[in-house]
Amino acid sequence: MIPGARLILLGRQGAGKGTQCVRLSRHFVVPHISTGDMLRAAVREGTELGVLAKLVMDDGGLVGDEIMVGLIRERLSQPDTIGRGYILDGFPRTVPQAVALDDITADRPIDVVLDLDVPRQLVLERLSARRVCRDCGTNYVATDADKSLSICEVCGGDVLQRDDDTPEAIIHRLDLYEEQTAPLIEFYERQGRLAVIDGVATPDEVFRRLTAAVDAARRPA
Ligand SMILES: [Zn+2]
């Protein structure tokens, strides 16, 4: 069995992180821990944390460091992550979160921080073309020929642009990411723990680059 791994994957929305996380998770046989998914699940299930998180998000805010750190601390204390590791997606997002994570993982440090780099203009184009089925959630890419509403091939539902995929909203999210993540990237770079991966390639090639970076980081110096 391939050894587990303890990884952080950073990258702009639309860089292909979701796809690569799934592949890395299969390859290293470790759970993919997406804080976005965890928060959505907590909100859906109406847990104490979920109720709290929903209040913040409905207000247009970002869930604070304390809540996020608590969520991750709990998840990383479970047997699967202790035994095999994990891929963190969406956390840490700020330097204080990264400092807290170093404390949580003091006994079993992160192998490497992967920064999946796709230029801003390119993700902007990708996100603007994104369409989703309102009923079953299947993703589509709008082509120039067909930017209008269409019908889902899977369930026959309406395929629409998400409300939060307007150009203004996308630019706002990218600005926010840059503002928050630039100091984080500097933080990991200074410590020699960052591997920047060029994400402009086929999914297979990007995956090869990511696993090569993980292998290189784990090779004894
Ligand atoms: Zn559908």
Side-chain angles (χ1 to χ4, degrees), residues 7 9-47 49-63 68 71 75 80 86-91 93 114 116-177 199-208 210:
L7 308 175
L9 192 58
L10 303 175
R12 294 185 175 88
Q13 195 183 20
K17 252 188 331 161
T19 310
Q20 295 299 335
C21 278
V22 171
R23 297 182 70 158
L24 289 168
S25 158
R26 283 199 197 119
H27 180 79
F28 291 108
V29 199
V30 293
H32 166 206
I33 300 177
S34 154
T35 45
D37 289 350
M38 285 172 85
L39 281 175
R40 278 186 289 274
V43 169
R44 210 166 41 233
E45 287 157 19
T47 65
L49 179 83
V51 171
L52 207 61
K54 190 171 186 308
L55 281 175
V56 178
M57 291 188 289
D58 283 351
D59 215 28
L62 287 167
V63 178
M68 297 309 299
L71 198 66
R75 186 65 188 87
D80 60 337
Y86 43 81
I87 300 161
L88 286 182
D89 169 14
F91 185 94
R93 198 154 268 177
L114 301 160
L116 185 57
D117 187 36
V118 173
R120 182 184 166 97
Q121 186 54 35
L122 198 58
V123 295
L124 199 57
E125 285 163 20
R126 283 187 192 169
L127 292 171
S128 306
R130 189 164 70 170
R131 300 290 182 273
V132 64
C133 172
R134 200 168 52 180
D135 294 332
C136 73
T138 299
N139 287 301
Y140 293 91
V141 176
T143 58
D144 288 334
D146 180 23
K147 283 200 187 295
S148 59
L149 174 131
S150 57
I151 301 300
C152 177
E153 288 167 12
V154 177
C155 77
D158 292 338
V159 175
L160 302 166
Q161 187 162 36
R162 286 168 28 167
D163 292 341
D164 56 351
D165 275 351
T166 60
E168 298 75 27
I170 294 168
I171 287 168
H172 177 69
R173 289 203 303 271
L174 289 174
D175 285 346
L176 199 63
Y177 175 81
V200 185
T202 62
D204 283 346
E205 173 58 18
V206 173
F207 178 68
R208 194 199 60 74
L210 288 166

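Order of appearance sets the numbers: ligands from 1, and atoms from 1 within every ligand. Quick caveat: nothing in here was measured; it's all calculated off a predicted structure.
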List the atom of [X], the atom of [Y], and the distance in Å for their closest heavy-atom pair.
X      : Y      : value
Gly50  : Val43  : O-CG2, 3.6 Å
Asp165 : Gln161 : O-NE2, 3.1 Å
Asp135 : Gly157 : OD2-CA, 3.3 Å

Arg131/Asp158 salt bridge by N-O under 4.0 Å criterion: no

Suppose the cut-off is 2.8 Å; which protein N/O/S atoms would you list for the Zn ion (ligand 1)? Cys133 SG, Cys136 SG, Cys152 SG, Cys155 SG

With no hydrogens and no angle check, is any side-chain donor or acceptor of Arg134 less than 3.5 Å from a backbone partner on Leu160? no

Are there over 12 heavy-atom neighbours, none belonging to Arg162, within less than 6.0 Å of that residue's CZ? yes

